[in-house]
Structure formats: C-alpha cells, structure tokens
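Each ligand, and each atom within it, is numbered from 1 in the order the structure gives.
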Amino acid sequence: MRAPGDRCGRGDRAGQVLREPTARDLAAAVGLDLAGVAGRAACDLLVVGAGPAGLAAAVYGASEGLDVVLVDDVAPGGQAGTSSRIENYLGFPRGVSGRELARSGMVQAVKFGARLVCPRSVTGLSRGPDGFLVRLDDQTEVTARAVVVASGVRYRRLAAIAGVADLEGRGVYYAATEIEARACLGREVVVVGGANSAGQAALFLARHADRVHVLIRRDDLTETMSSYLAQRLTHHDRIVVHPRSQLIAAHGEDRLDHLTWRDEVAGREVHVEAGGLFLMIGAVPRTGWLRAAGVELDDKGFVATHNAFETSVPGVFAVGDVRAGSVKRVASAVGEGSVVVSAVHRYLAST
Ligand SMILES: Cc1cc2nc3c(=O)[nH]c(=O)nc-3n(C[C@H](O)[C@H](O)[C@H](O)COP(=O)(O)OP(=O)(O)OC[C@H]3O[C@@H](n4cnc5c(N)ncnc54)[C@H](O)[C@@H]3O)c2cc1C
C-alpha cells in the first residue's frame with residue numbers, strides 16, 4: 001500500500017525540449033506513462049478506464065490506502081468529459097462542464113496517490129502467480145491483485161447510410177462541443193437519437209444553430225430521455241422533434257451540405273440544408289478484450305455482475321456504463337466506482 005502523495009513515475013525531465021512529440025512521448029515526460037508501474041511488484045488495484053466510474057474508484061481506492069493504477073486509452077473524463085454541461089449531477093445547480101468534472105476528479109485521484117497511465121489501452125487480462133496480468137497495447141504487463149473494469153461504451157456509427165462515413169468530421173459528428181457548434185453557427189442542424197446525450201446535444205446546439213431537428217424512431221421521448229430534458233426540448237422554440245423519422249442520406253462534396261430523412265408520420269421524404277449532423281444513437285460496450293479472459297458478458301457485450309459488482313472472475317469487478325443493467329448517468333457511474341472499493345477491500349483481505 002502507498003502513502004498519499006507518494007507518487008512515482010514523474011521522471012526528472014524538467015527543462016527537456018520535446019520536438020513533435022506523440023501523445024505518449026508527452027505523457028511520459030510529465031510522468032503519466034509506465035515508469036514505476038510496469039515490471040514492479042503487484043499494485044493492489046488496477047482500474048481500466050478513467051471516466052467518472054474509474055476516477056471514482058481511483059479516488060476512493062487511493063484515499064483508503066490502496067496502491068492504485070488507473071489506465072485510460074484517451075484521457076481522463078470518458079464520455080462525461082465530452083459533455084459541455086452536466087446539469088443533473090448533485091451539487092452543481094448551474095451545471096458543470098464534463099471537462100471540469102474530469103479535471104477535478106483526476107487531480108483528486110492523483111492527490112491521494114493513484115498513478116494515472118494514459119494514453120494506454122488495456123488489451124488483455126490473465127492470471128499470474130502474484131495476481132492478474134493486465135496487458136497493455138505494447139504488450140507490457142502490469143500485475144494487479146484486483147481489477148476494476150470501468151471502460152464504458154463507444155458511440156454507434158451510421159456508416160451504412162449513404163454519405164455518412166465520407167463526411168465524418170466534415171459536418172458529421174459524434175459529439176457536440178464548442179468546436180462543432182461554431183461550425184454550425186446560424187445554420188440548421190440535425191441530431192439523430194432520443195436518449196439523454198441527444199437531448200443535451202440538441203439544447204447545446206440550439207444556442208448556436210438557427211434550428212435543431214431531432215430525429216427519433218419512436219412516437220415520443222418519454223421512454224428514452226429524462227423528462228426534464230424532454231420537456232425542455234419540446235418547449236424550445238428552435239428545436240423541432242420529428243417522431244418516427246429515419247435518416248436516409250447525407251450529401252455534400254467537401255463537407256456536409258444537406259440531409260434527407262424519411263418522415264413516417266407525414267409519409268414523405270424531407271430534405272434540409274444542414275451545417276451539421278450529430279449522431280447520438282447509443283453506444284457499444286468496450287469489452288472485446290474481456291471475452292478471452294473468461295469474464296461473462298451479456299448478449300450485447302456488457303459485463304455481467306453479481307454481488308457487489310463482482311464479475312464471473314473473482315477479483316475482477318465492473319462498474320459504470322460497461323456493466324449490464326447500468327443506469328448510464330454520471331452520478332451512478334461515480335456511485336458504483338466509489339462503492340466497489342469496499343468489495344475490492346474484502347476480496348484483497350480474503351486472498
Ligand atoms: C455527450 C454526452 C452527454 C452526457 N450528459 C450526461 C448528463 O448530463 N448527465 C448524466 O448523468 N450523464 C450524462 N452522460 C452519460 C455519462 O457521461 C456516462 O454515463 C458516464 O460518462 C459513464 O461513465 P463510465 O466511467 O462508466 O464510462 P465512460 O465515461 O465511457 O469512460 C470510460 C473510459 O474508459 C476508457 N477505456 C475504454 N476501454 C479502454 C481500454 N481497453 N483501456 C484503457 N481505457 C479504456 C475510455 O477511453 C473512457 O475514457 C452523457 C454522455 C454523453 C456522451
């Protein structure tokens with residue numbers, strides 16, 4: 001176990017000049033890579049994914065004296081980090097940006113002594129003599145006595161729809177941040193999807209775009225979106241929700257120019273000049289690497305958990321969006337990440 005503040009991995013590289021560094025070079029220079037992690041004695045807990053669930057597990061684990069390593073393949077924050085404003089997280093009546101929440105969570109985890117390793121992807125998990133061998137994308141192995149999987153989900157694409165794949169990043173987006181919104185200033189935009197992420201994107205985009213069309217497959221938003229969000233969408237004067245409507249094609253040469261969708265209620269095709277298409281159509285769990293480790297997944301690939309977030313492999317736990325039956329909210333991910341630490345303690349004590 002480690003004392004808070006006893007961090008390693010921050011090599012003495014002050015003053016070093018990096019020329020055209022990769023993200024990994026930069027991470028190594030500021031102490032976010034594997035120095036002091038790989039090839040040393042087993043850590044108590046390795047957390048896969050630094051979204052809200054993984055950050056919470058790292059904060060609670062490290063603050064309770066566990067030697068915690070937190071690995072993320074992109075950067076801390078996960079999906080929440082891409083949200084411009086989270087309005088339903090307890091304690092932030094005016095909302096909080098996902099980036100700010102992630103930054104504070106990361107500082108808090110590191111303050112308690114957790115070691116953050118990113119950008120590094122976990123690609124495999126097996127049993128070793130001293131615990132679990134967690135394999136990273138460059139085949140390095142880190143030994144951990146327990147593992148918390150908090151690897152979340154990845155957005156679905158609509159690559160089969162004409163024009164969509166070609167225009168990705170040039171008018172077709174999977175996140176609505178300031179950057180995308182600026183490109184749509186004063187234009188019409190289309191959001192596809194009826195869940196909370198679609199609702200949030202629509203409200204955010206309505207601050208910049210002339211009009212926001214939200215295409216949903218169902219008759220209304222009641223079953224798929226939190227009612228506070230659905231209400232705000234329905235009463236917003238620049239947002240139009242189109243029930244039973246499906247995107248057919250995206251058109252444009254250099255960038256998206258216009259869109260066609262099928263409106264089943266009116267029984268016709270609709271063409272709209274659009275500055276942006278935002279695909280918010282759900283997500284698939286990031287669990288491919290767990291199958292080979294013998295961890296039980298459900299038919300959609302989410303991790304099945306039993307008592308206290310333990311998976312079918314004792315010592316491997318799953319929390320947040322990646323878990324079968326999870327609620328898919330920041331608060332529940334944070335809650336699960338916090339609570340799982342007591343189960344980790346019990347497991348470590350029993351071994
Ligand atoms: C645009 C948007 C807006 C949202 N708004 C709200 C909101 O207002 N309120 C709310 O409650 N919820 C909101 N949500 C949902 C909320 O963000 C998620 O429920 C929450 O982020 C789930 O947290 P998580 O830690 O389980 O997973 P994620 O946030 O998905 O984080 C998982 C992390 O694991 C990393 N990872 C995955 N696989 C690996 C691997 N093999 N190796 C290493 N790292 C890996 C990923 O890169 C990612 O950083 C929103 C989601 C989106 C997309």
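- Of the residues listed (Val147, Val134, Asp73), the one engaging Val122 in a side-chain contact (heavy atoms from CB on, under 4.5 Å) is Val134, and it is the only one.
- Within the 3.5 Å criterion, the main-chain N or O of Glu100 finds a donor-acceptor partner in the side chain of Ser97.
- Of the listed options Thr287, Leu70, Val330, Val330 places a heavy atom closest to atom 11 (O) of ligand 1.
- Close N/O approach between Val74 and ligand 1 is not found [any backbone or side-chain N/O within under 3.5 Å].
- Salt-bridge check for Arg170 with Asp257: failed, with every basic side-chain N at 4.0 Å or more from each acidic carboxylate O.
- Between Ala53 and ligand 1, an N or O atom pair is found at a separation short of 3.5 Å.
- In this structure, atom 14 (N) of ligand 1 has its sub-4.0 angstrom surroundings free of protein heavy atoms.
- At a heavy-atom cutoff of 4.0 Å, ligand 1 is contacted by the backbone of Arg120 but not by its side chain.
- Contacts with ligand 1 closer than 4.0 Å are made by heavy atoms of both the backbone and the side chain of Ser151.
- Counting protein heavy atoms under 4.0 angstrom from atom 18 (C) of ligand 1 gives one or more.
- When the heavy-atom distances from atom 35 (C) of ligand 1 to Val48, Asp72, Asp137 are ranked, the shortest goes to Asp72.
- Within the 4.0 Å heavy-atom criterion, neither part of Leu55 lies near ligand 1.
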